[in-house]
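Here is the structure we will look at.
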Number of protein chains: 2
Amino acid sequence: MRYHRSDIVERAVDILDQYGLPDLSMRRIASELGLQPSALYHHFTSKQVLLAAVADELLTRGDRPDADGLSWDERVIGQSRGLRDAMLAFRDGAELVATVHAFGLGARTPHARLAATIRDGGFDESFSRAAATTIMHFVFGHVSDEQTHLQANSVGAIDDVVGGGTDRADKASFELGLTLILDGIRLRHHAASAVG
Amino acid sequence: MRYHRSDIVERAVDILDQYGLPDLSMRRIASELGLQPSALYHHFTSKQVLLAAVADELLTRGDRPDADGLSWDERVIGQSRGLRDAMLAFRDGAELVATVHAFGLGARTPHARLAATIRDGGFDESFSRAAATTIMHFVFGHVSDEQTHLQANSVGAIDDVVGGGTDRADKASFELGLTLILDGIRLRHHAASAVG
DNA sequence: ACCTGAACACCGTTCAAGT
DNA sequence: ACCTGAACACCGTTCAAGT
């Protein structure tokens with residue numbers, strides 16, 4: 001059977017979600033498709049590149065258009081929540097995206113979209129990019145933490161003390177951090193307006 | 001020869017700095033010490049635990065006490081810069097710390113110190129912790145990015161266009177993001193002061 | 001263009017046995 | 001307590017060869 005890049009990425013997403021990132025090996029993907037490992041290198045030059053495609057697929061699947069009639073900062077919040085939801089929707093999603101990002105690949109579309117939205121708020125290009133980067137770092141880091149703790153709670157048996165309310169606390173802490181950054185951005189806006 | 005945990009960690013730090021994270025294998029560490037790989041498991045229960053010790057060693061080596069007579073927010077900035085410097089001082093330092101953190105280990109001391117400093121600013125415990133978390137995420141993410149780009153520039157030959165001023169731009173973008181978050185925190189302070 | 005088969009050069013971890 | 005030696009069950013990647 002002959003496969004396309006998209007078939008391979010889909011299978012990889014399935015393996016990731018069912019068995020986790022450590023089991024997402026080239027050999028595993030190949031064997032689930034009934035292929036030799038070497039066949040994958042006809043579609044992707046390396047595992048890193050394949051993983052980048054998987055990460056982008058996760059984020060694309062979670063992608064939602066901005067709601068109508070929202071201000072720029074409401075749209076930034078919506079996009080950030082969307083990124084969080086997309087990563088949380090798959091096992092080890094945050095770790096995968098972070099790994100791919102650490103390698104210098106992936107997640108360029110969400111970043112560009114955030115930057116454009118901030119620019120709509122009247123900020124200049126370079127500030128908008130830096131602010132978008134700050135938000136991306138926060139979102140990746142926070143969701144990574146959340147998923148790590150969720151995993152720790154599901155593996156161990158510490159649910160008696162911490163469990164239950166934890167996801168609500170995670171959500172609250174996510175919203176708080178996001179607000180902190182947005183307040184910082186808005187402050188620059190008012191400062192600029194007051195001067196200009 | 002008989003080694004202690006600290007000897008192994010020191011060797012691991014050397015290997016990391018000279019050859020990078022991908023070459024930091026249990027077999028490599030063992031062979032540089034003249035040991036069998038299995039000997040390492042007498043000192044560390046797993047590679048992850050060893051890596052956590054290496055990450056903490058990096059951060060400890062870069063540790064500087066707060067300067068005298070600084071306000072809480074100036075101390076937060078100083079500590080954040082210190083973390084950045086510590087990670088940048090070693091090859092793949094940021095990626096190592098991020099990896100260890102994603103596994104749920106390490107970097108607890110810097111986080112606790114940041115949270116305590118923010119609490120000194122008059123914020124309550126849970127807010128201080130969440131704000132410290134936001135800063136840690138930003139620092140890890142940003143420095144990871146910086147190191148990735150530095151690496152890309154040193155491997156490839158793209159210095160003609162981007163190179164040269166890049167590290168200064170990185171530093172500036174780090175300071176900007178940090179300011180954004182701190183402004184958000186300070187805003188909460190003033191809001192609370194105005195009410196209380 | 002897409003894939004097989006075989007090989008190369010590695011991994012982390014376990015465990016009985018030594019001193 | 002600290003380490004050896006050997007094994008188990010894997011990795012990512014390359015490359016000649018097939019269709």
Side-chain angles (χ1 to χ4, degrees), chain A residues 1-16 18-55 91-92 95-96 98-106 148 151 155, chain B residues 1-16 18-55 91-92 95-96 98-106 148 151 155:
Chain A
M1 307 170 188
R2 312 219 134 175
Y3 293 108
H4 286 69
R5 285 172 64 98
S6 55
D7 302 315
I8 296 168
V9 170
E10 272 180 37
R11 273 286 203 204
V13 169
D14 286 353
I15 296 171
L16 176 73
Q18 284 186 46
Y19 304 99
L21 191 55
D23 280 8
L24 190 59
S25 66
M26 295 299 268
R27 298 179 109 99
R28 178 69 178 267
I29 298 165
S31 88
E32 294 229 350
L33 289 166
L35 291 175
Q36 296 293 323
S38 51
L40 298 178
Y41 290 85
H42 208 274
H43 302 274
F44 300 92
T45 55
S46 70
K47 186 187 182 184
Q48 296 283 1
V49 170
L50 197 164
L51 289 186
V54 174
R91 158 114 91 125
D92 292 345
E95 205 186 332
L96 171 70
T99 299
V100 164
H101 189 72
F103 196 73
L105 299 169
T148 302
Q151 215 169 309
V155 169
Chain B
M1 309 171 187
R2 313 217 133 175
Y3 293 107
H4 287 67
R5 285 172 63 99
S6 56
D7 302 314
I8 296 168
V9 170
E10 271 179 39
R11 274 286 204 204
V13 169
D14 285 353
I15 296 171
L16 176 74
Q18 283 185 48
Y19 305 99
L21 190 55
D23 279 9
L24 190 59
S25 66
M26 296 298 270
R27 298 179 109 101
R28 178 69 178 267
I29 298 166
S31 89
E32 294 230 346
L33 289 166
L35 292 175
Q36 295 292 323
S38 51
L40 298 177
Y41 290 86
H42 208 273
H43 302 274
F44 300 92
T45 56
S46 70
K47 187 188 181 182
Q48 295 283 0
V49 170
L50 198 165
L51 288 186
V54 174
R91 160 115 91 125
D92 291 346
E95 204 186 333
L96 171 69
T99 299
V100 165
H101 190 73
F103 196 73
L105 299 169
T148 302
Q151 215 170 311
V155 170

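Chain letters run A, B, ... following the sequence lines, proteins first, then strands; residues in each count from 1. Quick note: numbers below take in every heavy atom, side chains included, and nothing from hydrogens, waters or symmetry partners.
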Leu33(B) side chain reached by Tyr3(B) side chain, heavy atoms, under 4.5 Å
yes
For Ala53(B) and Val9(B) the tightest heavy-atom approach is CB-CG2, 3.8 Å
Review point. Would a 4.5 Å heavy-atom cut-off, applied to side chains only, mark Leu21(B) and Arg91(B) as touching?
Key: no
Item to complete: Rounded to whole angstrom, note down the C1' distance from dC3(D) over to dA16(C).
Response: 13 Å
Note: for Gln36(A) and Pro37(B) on DNA chain C, the residue whose nearest nucleotide lies more 5' is Gln36(A)
ask   = Under 6.0 Å from the CZ atom of Phe103(B), do we count more than 12 heavy atoms belonging to anything else shown?
value = no
Dot-bracket for DNA chain D, 5' to 3', Watson-Crick and G-U pairs with both distances under 3.5 Å, [ ] for crossing pairs, | for partner on another strand, reads ||.|||||...|||||.||
Of Ala39(A) and Ser25(B), the one whose nearest nucleotide on DNA chain C sits closer to the 5' end is Ala39(A)
First and last nt of DNA chain D near chain A, cut-off under 4.0 Å to heavy atoms, 5' to 3', are dC11(D) to dC15(D)
Remember a base hit wins even if backbone is also touched, and classify Ser46(A) as base, sugar-phosphate or nothing at under 4.0 Å, heavy atoms. sugar-phosphate
message = Work out how far the C1' atom of dA9(C) is from that of dC10(D), and round it to whole angstrom.
response = 14 Å
Is the shortest heavy-atom distance from the side chain of Leu51(B) to the side chain of Lys47(B) under 4.5 Å?
yes
